[in-house]
Amino acid sequence: MEHKLDARGLSCPEPVIITKKAIEKDKLENFTILVDAHVAVENITRFVKSKGYNIIVSESEGEYSLTISK
Amino acid sequence: MNSKLKMFISGGVIGLVGVVLLILGNPGNMGLCIACFWRDITGALGLHRAGVVQYIRPEIIGIIFGSAIMAFIGGDFKSKGGSSPFVRFVLGFFLMIGALVFLGCPLRMIFRLANGDLNALIGLFGYVSGIFIGIQFLKKGYSLGKSIEQSQIAKYIMPIFGLVLLIFLVIRPAFILFSTEGPGSMAAPVIAALVGGLIVGALLQRTRICTAGGFRDLMLIKDTHFLFGLLGIFVFALAGNLIFNFDSFNLGFANQPIAHTNHLWNFLGMALVGLCSSLLGGCPIRQTVLASQGDSDAGITVLGLVMGAAFSHNFGLASSGAGPTSNGQIAVIIGLVVVSIIGYAVTRKSQLKVK
C-alpha cells in the first residue's frame, strides 16, 4: 500500500517533522508527501537525502508531490 | 557551489551590509535589527511616544521590496493565510516584548556579538533554550493548522504598506514623528539604508535564512544548512568590524551601546523570543520576508510585533542601558506563561485529534 501524506498549507518546519516521523517512527520506505511551498520542497529534499533516501519532485499548479523512496 | 558555502556567503553579505550601515550612522551595534526597526516605525507612526526611538527605517522598506521582488521572480509571491492568525498575533506581540527587554532581535544579537558585546552571548543561550522548548511542542504535534489560498489582493498589502512608509519617509508629513535625539535620530543615509535593505531582503527571501531555523534544524534534524547562514553573518560582521570599525569593537559585558548587563533578563527576554519564534515557524526577519511575499499569517505576526512595540514603550516594558524595568520583567514572565499555555493547548488539541 502506498502511503500518501499531506503537508499542504503547513508552516515551517511542520512538513519536515511529518517526513521525519514517516521515516524514523513509522519506518516507511516508500511514500508520497504533498506540499505547497518551495521552501518545504527544499527542506524535505535536504532532509531525506541526508537520510539516504531518493526523492522525485513533480509540480502541478503551485503544488508539489514529493515521491520518497529508499 | 556547495549549498553550505552558498549560505555562508549569503549570510556574509548580510553581515557586511550591517557593518556598512553601522559605519554610515546607524545606532551602536544596530547595523540591522528587525525588532528595533519595526519599533522605530511604530514610534514614527505615533503608536508609541518614546521620543528617542521614532524613525521610518528605510531598511525595513528595502527588505519588504527586496523580498517581494525576489518572490515574484521565483514564483513564491502568493496570497495565503488562515493558519491561526490571532494566535500568531499574540506570539508576535510577546516576541517583541522579549526582544525589547533584551534590546534587540536575534539578528541584532548576532551583530552585538560580532562587535564584542558578550551580553549577547547570554541572550544567545536564552534564545537557543527558548527554541529548544518550542521544539518539544513541535515534536509532540504542535501545529497552527493549514493556511489556504487567500484573495489575490492580500499579497499586495505588505508591499503597498512599504510604499506608504516610503512616501511618509520622503514627504515627512507633520503627523509622522522623527526623533531628534537618541537612537531614533541615528541613521545611515536613506538611499544607503534602502539599498542595504533591498539586498538583505532579496538574499533572505532566496536563501530562506532564519535565525530560529538555523538553531532549530540543528537540534531537530541535525541539519546545519541554515546555521551556516548565521555563521556567515557573524564571521563577516566580526571581520568587518575588526577591519573597518575597530574603534567601536569592545570585548566584554560593560559599556556596550544600547545594551544592559542584567544576565537573567537578557537570558529570559531572548528565551521568550526563541520560544515565540519556534512556535511561529520563524524569527522576526523571516516573518517580515514571508509577509512581503504574500503570507497573511506572517503579516498578522508583523502587526503583533508592532503592537508589542507600542505596548513596550507605552507601558515602560522596554529596557534601557540602565537595565530592565520591573514592568518589563513582569511582562516577560506573563509572556512565557501565556506562550507556554498556547504551546500546550495547541499540542494537546492535535494529540486528541490523532486519538
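Just so you know, these numbers come straight off a predicted model, no measurement behind them.
Between A/P15 and the choices A/L34, A/L5, A/L10, A/D6, the side chain to side chain contact (heavy atoms under 4.5 Å, CB included) rule is met once, by A/L10.
Counted by atom type alone, B/T224 and B/K4 present one or more donor-acceptor pairs between their side chains at under 3.5 Å.
B/F234 and B/F8 have their aromatic ring centers separated by at least 6.0 angstrom.
Of the two parts of B/K78, only the side chain, counted from C-beta on, holds a non-hydrogen atom closer than 4.5 Å to a non-hydrogen atom of chain A. Residue A/E42 touches chain B through its side chain alone, counting heavy-atom pairs closer than 4.5 Å. The part of A/N43 that comes within reach of chain B is its side chain, from C-beta onward, which places non-hydrogen atoms under 4.5 angstrom from that chain.
Counting only heavy atoms from C-beta outward, the side chains of B/M109 and B/V273 never approach each other to under 4.5 Å. The side-chain heavy atoms of B/L230 and B/F215, taken from C-beta on, include a pair separated by under 4.5 Å.
Geometrically, B/R216 does not engage B/F226 in a cation-pi contact, judged by NZ or CZ lying under 6.0 Å from the ring centre and within 45° of the ring axis.
In this structure, B/F89 places its CZ atom where more than 12 heavy-atom neighbours from other residues, nucleotides or ligands lie under 6.0 Å away.
Ranked by heavy-atom pairs shorter than 4.5 Å toward chain A, the options B/I148, B/L280, B/D223 are led by B/D223.
At least one donor-acceptor pair under 3.5 Å links the side chain of B/K146 to the backbone N or O of A/R8.
Using a 4.5 Å heavy-atom cut-off against chain A, the contacting residues of residues 281-307 of chain B are B/G281, B/R286.
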